[in-house]
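Sequence positions, counted from 1, serve as the residue numbers for this chain. All figures in this text were calculated on a predicted structure; none of them were measured in a lab. Reckoned from all heavy atoms, side chains included, excluding hydrogens, waters and symmetry mates.
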Amino acid sequence: VYAELFPEYKEYCGRPLRLIKSMYGMTLSGKYWFEELRDYLFEEGFTQSKVAPCIFYKTFPNGDRITLLDYVDDMLYYGSSEECLKEFRQKLASRFDLQEMGQVHWHLSTRIHQDKDYNVTMDQSRYCRSIVKRFLDTAGCKKSEKVYHTPLPTDFEASTQDCSKTSEEADTLQNEYNIDFASCIGALIYLSYTRPDISFAVNKLAKFTKLPGEKHFGYLIHLLRYLRDNGSLGIKFYSNILESPLQGLLTTAKLEVDLKENPLVTFSDSSWHDDVDHGRSTGGFLIFYQGGVIDHSSNLPEPIALSSAEAEYNEACLACMATAHIRMLLEEFKKV
């Protein structure tokens, strides 16, 4: 069959061929690559983190240390001296086809910048612009010159009652707006990693990816316009944490927290009974380290709270569990 479809490759059809190289052709290729890299790092004396298995450490006899973060075939690593890093690069290059990119500026669509004061900023502004260009600039809606300051309108209310009744009706709306609702939400979920400000909006709209209604498309357009007008926001980590906005926030709230001694700070909050479909309460938390957000969530805890106090406790429990995981990782950094 293939010989008829591709006559130029007829001589290769019907007989076994030796595969020279394949990386992205198999579903499990990422897993196999990680296992091979992990085994190599073990041979080189690295220790795998028990808290975050994608992190590896190695301590040299002279006290130097290398820490490595791996995501499929993208690695970030740093060391306490240039000598140990040079030795590691040479060994890694002799074993794998290594492309050394120098000091990190981009990682997984995220721009990483260090200023002269050693503050580090992370943002996905380029990815944000691509989302706006892909979904908003071609959307079948009226253009708006209004500047949008909030991810959602103030009268926002998410409900399944506003969903399309049938898949045909949802498809018609998608054609009218020229937006693949589910695809757009998927892109926004990835963007929200460095944009905690849209986490609530994305979490709410994600409920309606199957049968979005006209009201939901209106909310999505509003969110995209907000990103159009606020596309350069990101997360900043401060070398001097006392100069961070977090310090100003704690001072204003008259909370005596020594951020130099305790740079890990968590906030949690919850509504009560705001989910009109199921009666659940929307909660959220922000975890700060060195003045920047390192974990955040907007969620609907399963227990239906019988009071606002119970709703707050439910979310505080989730926030404490997430914070405990971060603390375990920080303690591991100190010990290795």
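Atoms CD and CG, from E315 and D269 in turn, are 8.5 Å apart once rounded to the nearest 0.5 Å. For the atom pair E310 CD and S308 OG, the distance stands at 10.0 Å (nearest 0.5 Å). Between atom CG of residue L329 and atom CZ of residue R327 there is a gap of 12.5 Å, rounded to the nearest 0.5 Å. With values rounded to the nearest 0.5 angstrom, D162 atom CG is found 7.5 Å from F208 atom CZ. One finds the CD atom of E214 at 13.0 Å from the SG atom of C163 (value rounded to the nearest 0.5 Å). Note that OG of S307 and OH of Y313 are 9.5 Å apart. Values are rounded to the nearest 0.5 Å.
Between F34 and D70, the shortest heavy-atom contact is CD1-OD2, 3.2 Å. When all heavy atoms of C184 and F135 are compared, the closest pair comes out as CA-CZ, 3.5 Å. Closest approach of S144 to R225, counting heavy atoms only: CB-CZ, 3.5 Å. Contact between C13 and A3 at its shortest, heavy atoms only, is SG-N, 3.8 Å. Heavy-atom minimum distance, P53 versus Q48: O-NE2, 2.8 Å. I221 and A139 make their closest contact through CD1-CB, 4.1 Å (heavy atoms, listed as atom of the first residue, atom of the second, distance).
Counting heavy atoms of neighbouring residues, nucleotides and ligands inside a 6.0 Å radius, atom CZ of R38 exceeds 12 of them. Applying the 6.0 Å contact sphere to CD of E8 captures more than 12 heavy atoms from other residues, nucleotides or ligands. Within 6.0 Å of CD on Q161 lie no more than 12 heavy atoms contributed by other residues, nucleotides or ligands. Residue R111 qualifies as open at atom CZ: its count of foreign heavy atoms under 6.0 Å is 12 or below.
Counting heavy atoms from C-beta on, the side chains of I189 and N203 never come closer than 4.5 Å. L318 places none of its side-chain heavy atoms less than 4.5 Å from the side chain of S268. Between I66 and T59 there is no side-chain heavy-atom pair separated by less than 4.5 Å. Residues F60 and E83 have side chains not in contact (no heavy-atom distance under 4.5 Å, counting atoms from C-beta outward). Under the 4.5 Å side-chain criterion, counting only non-hydrogen atoms from C-beta, L220 is not in contact with H216. You'll find the side chain of Y40 stays beyond 4.5 Å of the side chain of F46, heavy atoms only. Taking 4.5 Å as the limit, every side-chain heavy atom of Y71 sits out of range of all side-chain heavy atoms of L76. For the pair M75 and L92, the minimum side-chain heavy-atom distance is below 4.5 Å.
The hydrophobic cluster containing Y226 does not contain V147, counting ILVMFWY residues as joined when their side-chain heavy atoms lie under 4.5 angstrom apart, directly or transitively. The hydrophobic clustering, which links ILVMFWY residues whose side-chain heavy atoms are closer than 4.5 Å, places Y177 and L188 together. Under the 4.5 Å side-chain heavy-atom criterion for grouping Ile, Leu, Val, Met, Phe, Trp and Tyr, L249 is connected to L255 within one hydrophobic cluster. Transitive grouping of hydrophobic side chains (ILVMFWY, heavy atoms separated by less than 4.5 Å) keeps M101 and F96 in distinct clusters. Under the 4.5 Å side-chain heavy-atom criterion for grouping Ile, Leu, Val, Met, Phe, Trp and Tyr, W33 is connected to Y77 within one hydrophobic cluster.
A side-chain donor-acceptor contact under 3.5 Å links S164 to the backbone of P212. Judged by distance alone, the side chain of S130 and the main-chain N or O of Y127 form a donor-acceptor pair under 3.5 Å. When atom types are taken as modelled, the side chain of D277 and the backbone of T160 share a donor-acceptor pair closer than 3.5 angstrom. Looking only at distances, no side-chain donor or acceptor of R280 sits under 3.5 Å from a matching main-chain atom of D275. No donor-acceptor pair closer than 3.5 Å links the side chain of N262 to the backbone N or O of L264. One N or O on the side chain of H296 and one on the backbone of S192 form a donor-acceptor pair closer than 3.5 Å.
Salt bridge annotation for E331-K334: present, with a cationic side-chain nitrogen under 4.0 angstrom from a carboxylate oxygen. Residues D258 and K260 are not paired through a salt bridge, judged by the lack of any N-O separation under 4.0 Å between the basic side chain and the carboxylate. The residues D137 and K143 are annotated as not salt-bridged, no charged nitrogen and carboxylate oxygen being separated by less than 4.0 angstrom.
Counted by atom type alone, E302 and N314 present zero donor-acceptor pairs between their side chains at under 3.5 Å. A donor-acceptor pair shorter than 3.5 Å can be found between the side chains of T266 and T323. In summary, the side chains of S183 and R134 do present a donor paired with an acceptor at a separation below 3.5 Å, with no hydrogens or angles considered. Side chain to side chain, D123 and T194 fail the donor-acceptor criterion of an N or O pair below 3.5 Å. In this model, a donor atom of one side chain and an acceptor atom of the other lie less than 3.5 Å apart for Y57 and E332. No hydrogens or angles considered: nothing links the side chains of D117 and S239 as a donor-acceptor pair under 3.5 Å. Side-chain contact check for N119 and D115: at least one donor-acceptor pair (N or O, by modelled atom type) lies under 3.5 Å.
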Dump the intermediate steps for side-chain contact (heavy atoms from CB on, under 4.5 Å) on C84 and S81, then the final yes or no. CA-CA 6 Å; C84 69; S81 72; 3.4 Å; yes

Does the pair V132 and R129 meet the rule for a side-chain contact (heavy atoms from CB on, under 4.5 Å), with working shown? CA-CA 5 Å; V132 171; R129 288 194 298 270; 5.7 Å; no

Verdict with supporting geometry, T138 and K133, side-chain contact (heavy atoms from CB on, under 4.5 Å): CA-CA 7 Å; T138 60; K133 182 178 180 180; over 6 Å; no

Pair F217, F181 - check ring pair (Phe, Tyr, Trp, His ring centres under 6.0 Å), show working. CA-CA 8 Å; F217 274 97; F181 196 94; 5.2 Å; yes

Please evaluate residues Q247 and T251 with respect to the criterion side-chain hydrogen bond (donor to acceptor under 3.5 Å, both in side chains), reporting the C-alpha separation (whole Å), side-chain torsions for both, the decisive distance (0.1 Å), and the verdict. CA-CA 6 Å; Q247 177 64 63; T251 302; 3.2 Å; yes

Step by step, work out the side-chain contact (heavy atoms from CB on, under 4.5 Å) result for H105 and I112. CA-CA 5 Å; H105 296 290; I112 302 173; over 6 Å; no

Please list, one pair per line, the donor and acceptor atoms closer than 3.5 Å that link side chains of residues 281-294 to other protein atoms, with sequence neighbours excluded.
from	atom 1	to	atom 2	distance (Å)
S281	OG	H273	N	3.0
T282	OG1	K204	NZ	2.5
T282	OG1	D274	OD1	3.1
T282	OG1	D274	OD2	2.9
Q290	NE2	Y238	O	2.6

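Remark: K58 fails to qualify as a cation-pi partner of F56 under the 6.0 Å distance and 45° angle criteria applied to the six-membered ring. Relative to the ring axis of Y148, K146 places its NZ or CZ within 45° and under 6.0 Å from the centre. Taking the ring centre of W106 as origin, the terminal cationic atom of R126 falls inside the region bounded by 6.0 Å and 45° from the ring axis.
Checked against a 6.0 Å centroid threshold, the rings of Y219 and F156 count as neighbours.
Among the candidates E44, Q90, E36, the single residue satisfying the side chain to side chain donor-acceptor pair (under 3.5 Å) test with R95 is E36.
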